[in-house]
Amino acid sequence: MKVAMQYQNKTPEEIVRQYKKRLRTKQGLLILILLLYIIFNIKGIWWGDDGMADVLLKLFILIVITFPINVRISGEFMSLNLILNQNCDPVTYVQVLHLLEKVHKRKRSAVAIRINEASGLMWSGQFSDALALAESLCNKYKLSVNYQISLLNIRFNCYKKMDDLERAMQVKYEAEVLVSSFKKASLQRTGQELLNVMDASLALWRGDHETYRRMEEARSVRYTAKLQKVVSAVCLADVDIACGELKNAKTHLEYAIREGGTLYVVEDARHMLAELTQKEQG
């Protein structure tokens, strides 16, 4: 993926510097368009030469012209997620988000940055820090449904990785209550997917390997992000080892180590592969 490649082998400072340059260019273009709009239309508005229909028409034209630029600005911000999802580099991702806090100071942007930062901390293995940040965001802001779902996922995973199953189950209950309140079909699907992920994770934790394998193989056909594929490979390797399918496990682990970047699961994969190699040699 070309966009993902543009972030590889670059320091967080270089990524943010290029991002700011592109952002300022688009913002400057918006300001220029607004100034031209005011210059060409102020006379008609001031002297009353333009009726309400004319004013509304010109305003509509302004919105149509500037809308693609605003979309590009949003898309530029969203593309930074590729550092995590495709490059599998949560360490760089968190550092980039720290630097972006000085660039985007509006409340909406600040919330998005902090939620993404919590996700990056989790995937780099800093579970207590990720959890503290996620919990603080839950209590501080009124969040959109998608943000609530993201935070539930982060909190559930962190509690589970910290072996606090009681609180993980409490988060799952919160997720069930939230999903049951959804009216839109699209939100119901998204919410159910979250619950399915939690159920699969709990099945693996309980040692119910066949249930996990069935659920994961059904979901993995829809995976597009490399992060999803790497994490799935490590979990399936765990199942393979438990079921005595050591060759498959080795293939999964080697893939995770090769493609997993700075994800915390890579260290897990290395330990599992070392143990597997020792077992084969023994």
Side-chain angles (χ1 to χ4, degrees), residues 85 88 119 122-123 125 127 130-131 134 145-146 148-182 185-260 263-277 279-280:
N85 295 331
C88 297
S119 180
M122 180 189 71
W123 287 116
F127 303 115
L131 182 59
V145 170
N146 286 332
Q148 290 180 60
I149 288 174
S150 295
L151 289 175
L152 285 167
N153 187 42
I154 293 167
R155 292 168 59 217
F156 175 82
N157 284 327
C158 288
Y159 278 129
K160 191 171 69 67
K161 292 300 294 185
M162 295 165 69
D163 294 322
D164 192 340
L165 188 61
E166 182 179 349
R167 291 193 178 181
M169 294 303 294
Q170 176 59 37
V171 174
K172 184 174 184 294
Y173 173 74
E174 292 176 31
E176 289 170 344
V177 172
L178 178 66
V179 173
S180 68
S181 70
F182 293 159
S186 58
L187 289 178
Q188 290 173 352
R189 286 193 297 271
T190 301
Q192 189 57 53
E193 180 62 24
L194 172 65
L195 295 178
N196 290 343
V197 169
M198 291 179 173
D199 286 337
S201 181
L202 290 171
L204 184 61
W205 181 86
R206 290 192 303 267
D208 188 352
H209 298 112
E210 290 307 317
T211 297
Y212 177 81
R213 190 199 296 272
R214 185 178 67 253
M215 296 179 73
E216 182 60 22
E217 288 179 348
R219 287 179 20 240
S220 63
V221 296
R222 300 190 300 273
Y223 289 165
T224 55
K226 188 183 289 184
L227 181 150
Q228 294 173 306
K229 297 174 183 178
V230 168
V231 173
S232 178
V234 177
C235 293
L236 287 173
D238 193 9
V239 173
D240 290 334
I241 292 171
C243 297
E245 300 172 11
L246 303 187
K247 185 176 180 181
N248 285 343
K250 190 174 182 180
T251 300
H252 281 132
L253 293 172
E254 288 173 344
Y255 169 78
I257 293 168
R258 184 175 66 253
E259 301 292 339
L263 294 172
Y264 78 85
V265 295
V266 172
E267 195 60 33
D268 294 344
R270 288 197 177 99
H271 285 306
M272 292 166 69
L273 186 59
E275 291 177 0
L276 192 59
T277 302
K279 189 180 293 187
E280 287 180 335

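Listed for the Asn153 side chain is no donor-acceptor partner under 3.5 Å among the backbone atoms of Ile149. At least one donor-acceptor pair under 3.5 Å links the side chain of Ser220 to the backbone N or O of Glu217. At distances below 3.5 Å, not a single donor-acceptor pair connects side-chain atoms of His271 with backbone N or O atoms of Ala269. When atom types are taken as modelled, the side chain of Ser201 and the backbone of Val197 share no donor-acceptor pair closer than 3.5 angstrom.
Atom CZ in Phe156 sits 8.5 Å away from atom CG in Leu194 (nearest 0.5 Å). Atom NZ of Lys160 sits about 9.0 Å away from atom CZ of Phe127, to the nearest 0.5 Å. The line from OG1 of Thr277 to CG of Leu273 is 4.5 Å long, rounded to the nearest 0.5 Å. Rounding to the nearest 0.5 Å gives a distance of 5.0 Å between CG of Leu227 and CG of Leu263. Interatomic distance, CD1 of Ile257 versus CG of Asp268, reported as 10.5 Å (0.5 Å rounding). The CG atom of Leu253 lies 10.5 Å from the CG atom of Asn248; values are rounded to the nearest 0.5 Å.
The number of heavy atoms from other shown groups lying within 6.0 Å of CZ (Arg167) does not exceed 12.
Taking both residues in full, the closest heavy atoms of Val266 and Ala256 are given as CG2-O, 3.7 Å, listed atom of the first, atom of the second, then distance. What you find for Lys172 and Asp199 is that their closest heavy atoms are CE-OD1, 2.8 Å. Shortest non-hydrogen contact noted between Val171 and Leu152 is CG1-O, 3.4 Å. The two atoms that bring Ala200 and Met215 nearest to each other are N-CE, 3.8 Å, heavy atoms only.
For the pair Asp240 and Arg213, the minimum side-chain heavy-atom distance is below 4.5 Å. Using a 4.5 Å cut-off on side-chain heavy atoms (C-beta onward), Gln188 and Gln192 make no contact. When side chains are defined from C-beta on, Leu202 counts as touching Leu165, because their heavy atoms get closer than 4.5 Å. The shortest side-chain heavy-atom distance between Glu245 and Val239 does not fall under the 4.5 Å cut-off. Side-chain contact check for Cys235 versus His252: every heavy-atom pair is 4.5 Å or farther apart. The closest side-chain heavy-atom distance from Arg222 to Glu193 is below 4.5 Å. Using a 4.5 Å heavy-atom threshold, the side chains of Tyr223 and Glu216 count as touching. Annotation: side chain of Phe182 is in contact with side chain of Val145 (closest heavy-atom distance under 4.5 Å).
Ring geometry for Tyr264 versus Trp123: interplanar angle under 30°, hence parallel rather than tilted (30 to 60°).
Using modelled atom types and a 3.5 Å distance limit, the side chains of Tyr159 and Arg155 yield no donor-acceptor pair.
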Exercise. Begin with the C-alpha distance, continue with both residues' side-chain angles, and end with the deciding distance and a verdict on salt bridge (charged side-chain N to carboxylate O under 4.0 Å, His left out) for Glu210 and Arg214.
Key: CA-CA 6 Å; Glu210 290 307 317; Arg214 185 178 67 253; over 6 Å; no
